[in-house]
Amino acid sequence: MEWQACLDEYQKLIIRMSTPRVVIDNAACSTATIVKVDSARRHETLLDAVQVLTDLNLSIKKAYISSDGQWFMDVFHVTDLNGNKLTDESVISYIEQSIETTYPDRGHGFNGLTALELTGTDRVGLLSEVFAVLADLQCNVVDAKVWTHNGRIASLIYVKDCNSGSPVEDSQQIDRIEAGLRNVLRGDNDIRSASTSVSMAVTHTERRLHQMMFADRDYERKPVLQCRADSPVVNVQNWTERGYSVVNVQCKDRTKLLFDVVCTLTDMLYVVFHASINTAGDKAFMEFYIRHTDGTPISSELERHRVIQCIQAAIERRASEGIRLELCTSDRQGLLTDVTRTFRENSLNVTRAEISTAMGVAMNVFYVTDVTGSLADPVIIESVRHKIGLGNLKVKELPFRYHQMAERPEEQEVGVGGAVLISLGSLVRKNLYNLGLIKSCS
């Protein structure tokens, strides 16, 4: 009995050592809340902590990650999206409890739904066809996320049966869903690479989307648009004396940026031993000291190039250039089919989408461009809003290039070409004013 008691205490010690400990400090920094995570080193401990913070839409302004032997210390400087420190006790308590859970729930309330995973070649109107097939098969879309990158599309769609409100479990119905979606994804020229699957498993949506696009090798494909000035810069070199590979990243800052990079490194089976993350204005600077899970650094030029490609892809997948449209209206059968068909009929391509429903209300976000992937015409956007409902579909965000065109000094352009640019700039300003995104069109 004494041995058994001793064994129990030993097991308790192991549990205490392997469970992360969280300290949240609002006094040490005047501009951010500091979240300290102290834990035994496990392959996904860092990702779990970052995931909890980013799922709350918190901005990580700085972070320091350091490991000493088998122990990790992570320090995050976080704010809300308005740049304020965290004061809501329920949020603070949620962070503590979620990170201190050894095996956190990654399902986010998707139990009782059927998950559909789709990958294939992106094209204008594809999303409209996908939602039309699901509506015809009596599937109600409860939640979905759609990403596109380098001409590829990945989507994770959660559905339930329209009639019963239950998960789709009938094997014949599942076969019909897979067959219908596969035919849509294949189109006329994607017979080999289109993929569909149906699952009851619960997973973290955004991490799964990264995994799907990584498996689809989107990072190897030719970009649809030419390289932009704000494309991420990634460098990888080995620190031979210490046995690390050092990854440096410089890019435009945004929410969930750290999650995207850490998620990709984790799924590529690299371990982050040390890291430093800083932001200044709209720029982010990240440095990671990594090794393989077997303790070795990057061993070849080919592998180094692959790491660079994969991190760039992970950052770009979420960095949509399209106009952000938000739809908030009563949910009904066929709503997504009608909305996305209207986009297609007006030559708007959906580059990213976030679909959600709660209490009978649909709250959807779409990023749209024209058919070439360039900036959509504001006149067309306004026409689409009239068709769907001005009060339901609103413009919430425009790409930076729109504001550049609107603010371009007219005096610098002369001659015939200058007259054209002046006219274009005036038109853009007028449309921005009509959309309610600038205060004056003069």
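Positions are given from 1, in the same order as the sequence printed here.
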Find out whether [X] and [Y] are in side-chain contact, i.e. whether some heavy atom of one side chain is under 4.5 Å from a heavy atom of the other.
{"X": "V236", "Y": "I311", "answer": "no"}
{"X": "V198", "Y": "D175", "answer": "no"}
{"X": "N183", "Y": "V133", "answer": "no"}
{"X": "T196", "Y": "L185", "answer": "yes"}
{"X": "V307", "Y": "Y270", "answer": "yes"}
{"X": "L181", "Y": "V130", "answer": "yes"}

What is the minimum heavy-atom distance between [X] and [Y], and which atoms define it?
{"X": "P20", "Y": "S39", "answer": "CA-CB, 3.6 Å"}
{"X": "C139", "Y": "V168", "answer": "SG-CG2, 4.4 Å"}
{"X": "V184", "Y": "R123", "answer": "O-NH2, 2.8 Å"}
{"X": "I24", "Y": "V22", "answer": "CG1-CG1, 4.0 Å"}
{"X": "H274", "Y": "S66", "answer": "ND1-OG, 3.4 Å"}
{"X": "L390", "Y": "E382", "answer": "CD2-OE2, 4.1 Å"}

- Message: For the NZ atom on K85, are there more than 12 heavy atoms of other groups (residues, nucleotides or ligands in this structure) within a distance under 6.0 Å?
- Response: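 Enclosed: over 12 neighbouring heavy atoms sit under 6.0 Å from NZ of K85.
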Any chance the side chains of [X] and [Y] put a donor and an acceptor closer than 3.5 Å?
{"X": "S356", "Y": "D143", "value": "no"}
{"X": "Q97", "Y": "S93", "value": "yes"}
{"X": "R152", "Y": "T121", "value": "yes"}

Measure the spacing between [atom1] of [X] and [atom2] of [Y] and express it to the nearest 0.5 Å.
{"X": "M286", "Y": "D253", "atom1": "CE", "atom2": "CG", "result": "8.5 Å"}
{"X": "Y367", "Y": "R352", "atom1": "OH", "atom2": "CZ", "result": "4.5 Å"}
{"X": "N364", "Y": "I355", "atom1": "CG", "atom2": "CD1", "result": "4.0 Å"}

- Is R306 salt-bridged to E303, going by a charged N under 4.0 Å from an acidic O?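 Here R306 does not pair with E303 in a salt bridge, since their nearest N and O are not under 4.0 Å apart.
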- Any ion pair linking R318 and D260 (charged N to carboxylate O, less than 4.0 Å)?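 So D260 pairs with R318 through a salt bridge.
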- Would D216 and R221 count as a side-chain contact (heavy atoms from CB on, under 4.5 Å) if you check the C-alpha gap in whole Å, the side-chain angles of each, and the deciding distance to 0.1 Å? CA-CA 10 Å; D216 191 53; R221 300 177 188 271; 4.1 Å; yes
Can you give me every donor-acceptor pair (side chain of residues 57-64, partner residue at least two apart or in another chain, under 3.5 Å) with its distance?
none

- Task: With side-chain contact (heavy atoms from CB on, under 4.5 Å) as the test, would you mind laying out the steps for T357 and N140 before giving the verdict?
- Result: CA-CA 10 Å; T357 57; N140 183 30; over 6 Å; no
- Task: Return the set of residues passing side-chain hydrogen bond (donor to acceptor under 3.5 Å, both in side chains) with Q312 (not counting sequence neighbours), or none when no residue passes.
- Result: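 Partners of Q312 under the side-chain hydrogen bond (donor to acceptor under 3.5 Å, both in side chains) test: none.
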- Under the side-chain hydrogen bond (donor to acceptor under 3.5 Å, both in side chains) test, residues paired with D267 that sit two or more places apart: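 Counting only residues at least two positions away or on another chain, D267 forms a side-chain hydrogen bond (donor to acceptor under 3.5 Å, both in side chains) with R207, Q211.
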- Report the residues that fulfil ring-ring contact (aromatic ring centres under 6.0 Å, His included) with F366, sequence neighbours left out, ordered by chain and then residue number.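 If we apply the ring-ring contact (aromatic ring centres under 6.0 Å, His included) test to F366, skipping adjacent residues, the hits are F343.
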- Message: Restricting to ring-ring contact (aromatic ring centres under 6.0 Å, His included), what partner residues turn up for F259, sequence neighbours left out?
- Response: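 Partners of F259 by the ring-ring contact (aromatic ring centres under 6.0 Å, His included) criterion, ordered by chain and then number, come out as H204.
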- Item | Criterion side-chain contact (heavy atoms from CB on, under 4.5 Å) against F76, the qualifying member of I277, T33, L258, I95 |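 Option passing the side-chain contact (heavy atoms from CB on, under 4.5 Å) with F76: L258.
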- Item | Candidate pair D370 and D377, rule side-chain contact (heavy atoms from CB on, under 4.5 Å), full reasoning | CA-CA 8 Å; D370 69 10; D377 187 342; over 6 Å; no
- Message: Please enumerate all residues that pass salt bridge (charged side-chain N to carboxylate O under 4.0 Å, His left out) together with R341, with sequence neighbours excluded.
- Response: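 R341 satisfies salt bridge (charged side-chain N to carboxylate O under 4.0 Å, His left out) with D338, E345 only.
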- Message: Between C251 and L257, does the side-chain contact (heavy atoms from CB on, under 4.5 Å) criterion hold? Intermediate values first, please.
- Response: CA-CA 9 Å; C251 63; L257 175 63; 3.6 Å; yes
